[in-house]
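What follows is a set of notes on a single structure, which appears directly below.
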Amino acid sequence: MPFFKTFIITTTSILLLTAAFAQMPSTPTAKAPPAIICLTYDDALPSQLENVIPQLNALHLKATFFINSIPGSSDQLGHGSPSLIAWKAAAAQGHELANHTLFHPCPQKLGWEKDVSLETYTLDMLLSEIKTMHAYLDAITGKKKKRSFAYPCNETALNGVDYTAALRKLGVVSYGRTGGDQQSIITDVNHTDDLKMPSWHVMEGTSGEAMIAFVEKTMQSNGLGIFQFHDVGGALFNVSKEAHQKLLDYLHDNAHRVRVLTFSDAVAEMKR
Ligand SMILES: [Zn+2]
């Protein structure tokens with residue numbers, strides 16, 4: 001074939017191919033999986049700073065921490081409490097710091113001393129404590145109009161009266177997290193009270209396999225599954241570091257099947 005003819009055929013082929021590609025629908029962007037997992041941790045426990053946050057950060061996973069008192073102080077002038085500085089850093093890394101009251105009042109039947117129990121609180125006392133915690137979190141993470149809230153000991157009643165309506169009126173709480181078990185997967189978020197989103201209160205010694213089973217169930221129902229952890233490598237409702245790592249590895253490896261979002265982001269996303 002003469003050179004000129006070859007050139008024309010090749011050029012025509014390129015033009016035709018270009019035209020064909022131009023008419024092809026663009027590759028659809030991968031759709032985010034509908035199932036969502038939230039990792040939430042209560043009480044600002046030291047094991048969360050020591051074990052949980054490093055494990056999460058290594059896999060770029062974000063979580064929600066329901067903070068009440070932050071312990072510790074420094075006796076060195078100009079130095080802050082090491083845990084306060086660490087929580088500030090966690091917020092800067094993209095973790096959500098949320099409201100869990102200031103002094104964590106719980107019912108006497110759960111072992112709380114009478115003087116600091118929920119039974120000694122009035123509604124005004126409890127609400128002003130929640131507002132104070134909100135201002136405290138403002139000082140740590142920057143100002144926010146509303147924040148998520150977790151009920152101390154998952155108790156939504158004060159002296160027998162549900163206080164969620166008062167909480168809504170207070171205006172500083174966006175979404176509320178309550179307790180629950182392995183069955184507490186939310187499949188219809190629009191018919192779930194956004195101040196009473198149930199979660200699985202993970203009990204002492206729960207295995208990595210059991211936690212993964214909860215994730216799988218959440219994926220099967222295209223739902224929202226919320227873990228409620230306390231200590232990881234500590235004492236309170238403790239889950240071992242190894243079991244926790246197993247869960248995180250599974251979530252990381254299955255990122256195409258399930259998203260991991262903070263509690264506030266997850267509820268907002270499900271409600272869209
Ligand atoms: Zn708590």
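Residues take their numbers from the sequence shown, with the count starting at 1. FYI, side chains are in, hydrogens and waters are out, and symmetry mates aren't considered; it's all heavy atoms of this structure. This one's a predicted model, so the numbers in the text were calculated from it and none came from an experiment. Just follow the structure's listing: the first ligand is 1, and inside any ligand the first atom is 1.
Under a 4.0 Å N-O distance rule, the pair K196/D162 qualifies as a salt bridge. Under the 4.0 Å criterion applied to side-chain N and carboxylate O atoms, D194 and R168 are assigned as salt-bridge partners.
Take the Zn ion (ligand 1) and draw a sphere of radius 2.8 Å; the protein N/O/S atoms inside it number 3.
Taking the six-membered ring wherever Trp is involved, the centroid distance between the rings of H252 and H60 does not fall below 6.0 Å.
Sequence neighbours left out, the pairs with a member in residues 240-250 that pass salt bridge (Lys or Arg N to Asp or Glu O under 4.0 Å) are E209-K246.
Applying the side chain to side chain donor-acceptor pair (under 3.5 Å) test between H95 and each of T262, T64, T141, N57 identifies N57 as the sole match.
In this structure, L39 and F229 have side chains that are in contact, with non-hydrogen atoms separated by less than 4.5 Å.
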